[in-house]
Number of protein chains: 2
Amino acid sequence: MALAHAILVSLLDRPHSGYDLAKRFDQTVGYFWKASHQQIYLELHKLAESGLISAERVVQDVRPNRIVYQLTALGEDALHSWIEEPTEPPSYKEELLVKLFALGTADPAVLLNEIGKRLHFHEQRLAHYQQVMQAHYPVPEKLSARKRGHYLGLRLGVLFEESVVRWCQEATSMVSPLASAAVKSAKPRSAKPAIRKTGTRRKTL
Amino acid sequence: MALAHAILVSLLDRPHSGYDLAKRFDQTVGYFWKASHQQIYLELHKLAESGLISAERVVQDVRPNRIVYQLTALGEDALHSWIEEPTEPPSYKEELLVKLFALGTADPAVLLNEIGKRLHFHEQRLAHYQQVMQAHYPVPEKLSARKRGHYLGLRLGVLFEESVVRWCQEATSMVSPLASAAVKSAKPRSAKPAIRKTGTRRKTL
DNA sequence: TGTGGCTATGCAATATTTTGCATATTGAAA
DNA sequence: TTTCAATATGCAAAATATTGCATAGCCACA
């Protein structure tokens, strides 16, 4: 139930509305913990019900009203005893690697294209992280305790992205010979163009 | 529904029983896709029902009987059209980083200990990956297409583990000054010993 | 002779996450 | 002037994942 805890640590910094949290989970915390707004709102209701956070309605005239949540003493305790519990290493679920496992029979060109898209994505994210790093944590040794925690999150992000970028480059050079070979031997696996109607999704599988 | 596909790519190599798959998901594929045996058995039933795989009961006298599954033509098609679909980058969920976000108020010694355990874990895993690398993929440039896919999975594993190991080291040197400072200022957050009754789990949070 | 581990499969209940939909206002752009 | 993006919150259904439990024989160890 770690989403609850991710919300609680966010509230440790300062009170947030669900909307705030949803945005925050698209940045900072979101670098290593994703959550949709639906999930956040649901979790906030649960947390409020169990007394770990308290809600306050803030009336706004220009914008829709907000419900701002803050930690209760109970919530702080719960958070800190959770922190004392042992932490399990996460499991990565990399769809792209699953696909690469089928490199023997799949069309290398398709996978090469996917790898290229990923390279771009991770380069962008790396650049973003590095920029935040420059702007907010130029001298890590001088940071306060609280900021060190945030810094270390970002730091792992940087290291990860660097790895993935490098991997994408290596993967490109290992897959592209297969793709060009496939072109030469003219053995197209499938002629259907990769048209994706956005919004549709296969139901059966 | 990527578990289904992770199963299908495994079956692409050769037929497997649920038990085989569960073990495989603790190795190779499991490096980047975890699944429990319950989930695997459930998924196998679904896949068999939708005709993507076929089941065959293998009678054994010494051991319990096994049910061996293999891909059908339908299954192969489904797998390959899934591969053509765009792939989303995964989201990492790192509990430890969530905890580190509370570094301002949490006990640094506890987190330092967790980081230490993680360092050990990832060093072990890195060593294991490197050993498999040596044993099975000594010269990546000479690998067949099929093996290249497997190699690239392992390769990302190595890069990841190297990053995390490095991060753990950096994190240790950034958190330990806080821990010793806390000892000096004698400000224990909680006196309760970190006893964990195995099998119990908090229900409310 | 009991205890535990490995092989092998599975059900049921709960928890978590995703997907789709719904509502309502403001301000800026086309 | 319609359309789009942003602000703000939420419900319901379906898909996925986790947790606990059950069965059952064989083998090794003490």
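A, B, ... follow the sequence lines: proteins, then strands. Residue 1 opens every chain.
Every residue two or more places apart in sequence or in another chain that forms a ring-ring contact (aromatic ring centres under 6.0 Å, His included) with A/Tyr41 is listed here: A/His37. A search for salt bridge (charged side-chain N to carboxylate O under 4.0 Å, His left out) contacts involving B/Asp26 returns nothing, not counting sequence neighbours. Residues passing the side-chain contact (heavy atoms from CB on, under 4.5 Å) test with B/Val139, sequence neighbours excluded: B/Glu141, B/Lys142. In this structure B/Pro15 satisfies the side-chain contact (heavy atoms from CB on, under 4.5 Å) test together with B/Val68, B/Gln70, sequence neighbours excluded. For A/Tyr69, the ring-ring contact (aromatic ring centres under 6.0 Å, His included) criterion is met by no residue, not counting sequence neighbours. The side-chain contact (heavy atoms from CB on, under 4.5 Å) check on B/Gln124 picks up B/His120, with sequence neighbours excluded. Under the salt bridge (charged side-chain N to carboxylate O under 4.0 Å, His left out) criterion, A/Glu170 pairs with A/Arg166, B/Arg155, not counting sequence neighbours.
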Measure all distances between protein nitrogen or oxygen atoms and nitrogen or oxygen atoms of nucleotides 27-29 of chain D, and list the pairs falling under 3.5 Å.
none

Tabulated below should be each protein N or O lying under 3.5 Å from an N or O of nucleotides 7-9 of chain C; please produce it.
residue : atom : partner : partner atom : Å
C/dT7   : OP2  : B/Tyr19 : OH           : 2.5
C/dT7   : O5'  : B/Tyr19 : OH           : 3.0
C/dA8   : OP1  : B/Gln60 : NE2          : 2.9
C/dT9   : OP1  : B/Ile67 : N            : 2.7
C/dT9   : OP2  : B/Tyr19 : N            : 2.7
C/dT9   : OP2  : B/Tyr41 : OH           : 2.8
C/dT9   : O5'  : B/Tyr41 : OH           : 3.4
C/dT9   : O4   : B/His37 : NE2          : 3.3

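If one axis is set at each end of the helix from C/dT1-D/dA30 to C/dA30-D/dT1 from five pairs, those axes are 30° apart, to 10°.
Following rounding to the nearest Å, B/Lys46 (NZ) and C/dC11 (P) show an atom-to-atom distance of 12 Å. Rounded to an integer number of Å, the gap from NZ of B/Lys93 to C1' of D/dT16 is 12 Å. Taking atom CD on A/Glu88 and atom C1' on D/dT19, their separation rounds to 14 Å, with Å as the unit. Taking atom CG on B/Leu42 and atom P on C/dC11, their separation rounds to 8 Å, with Å as the unit. The distance between atom CD of A/Gln39 and atom P of D/dA15, rounded to the nearest whole Å, is 18 Å. What separates CG of A/Asp61 from P of C/dT26 is a distance of 10 Å, to the nearest Å. One interatomic measurement links the two molecules: CD of A/Glu43 to P of C/dA15, which rounds to 12 Å at whole-angstrom precision.
Within the 6.0 Å centre-distance limit, the rings of A/Tyr31 and A/Tyr129 are counted as a close aromatic pair. The aromatic ring centres of A/Phe101 and B/Tyr151 sit 6.0 Å or more apart.
Residues A/Gln38 and B/Gln38 each lie close to DNA chain C; by heavy-atom proximity, the contact nearer the 5' end of the strand is made by B/Gln38.
Counting only heavy atoms from C-beta on, A/Ser36 has its side chain closest to C/dT18 among C/dT17, C/dT18, D/dT16.
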Identify all side-chain donor-acceptor contacts of residues 89-97 of chain A below 3.5 Å with residues at least two apart in sequence or on another chain.
residue : atom : partner  : partner atom : Å
A/Lys93 : NZ   : B/Lys34  : O            : 3.4
A/Glu94 : OE1  : A/Leu96  : N            : 3.0
A/Glu94 : OE2  : A/Arg118 : NH2          : 2.3

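Residues B/Ser54 and B/Thr72 bring no donor and acceptor atom of their side chains to less than 3.5 Å of each other. Side-chain contact, A/His80 with B/Thr105: a donor N or O sits under 3.5 Å from an acceptor N or O.
The stretch residues 24-35 of chain B does not touch DNA chain C, since none of its heavy atoms comes less than 4.0 Å from the strand.
Under the 4.0 Å criterion applied to side-chain N and carboxylate O atoms, B/Glu49 and B/Lys46 are not assigned as salt-bridge partners.
Atom CD of residue A/Glu161 and atom SG of residue A/Cys168 lie 9.5 Å apart, to the nearest 0.5 angstrom.
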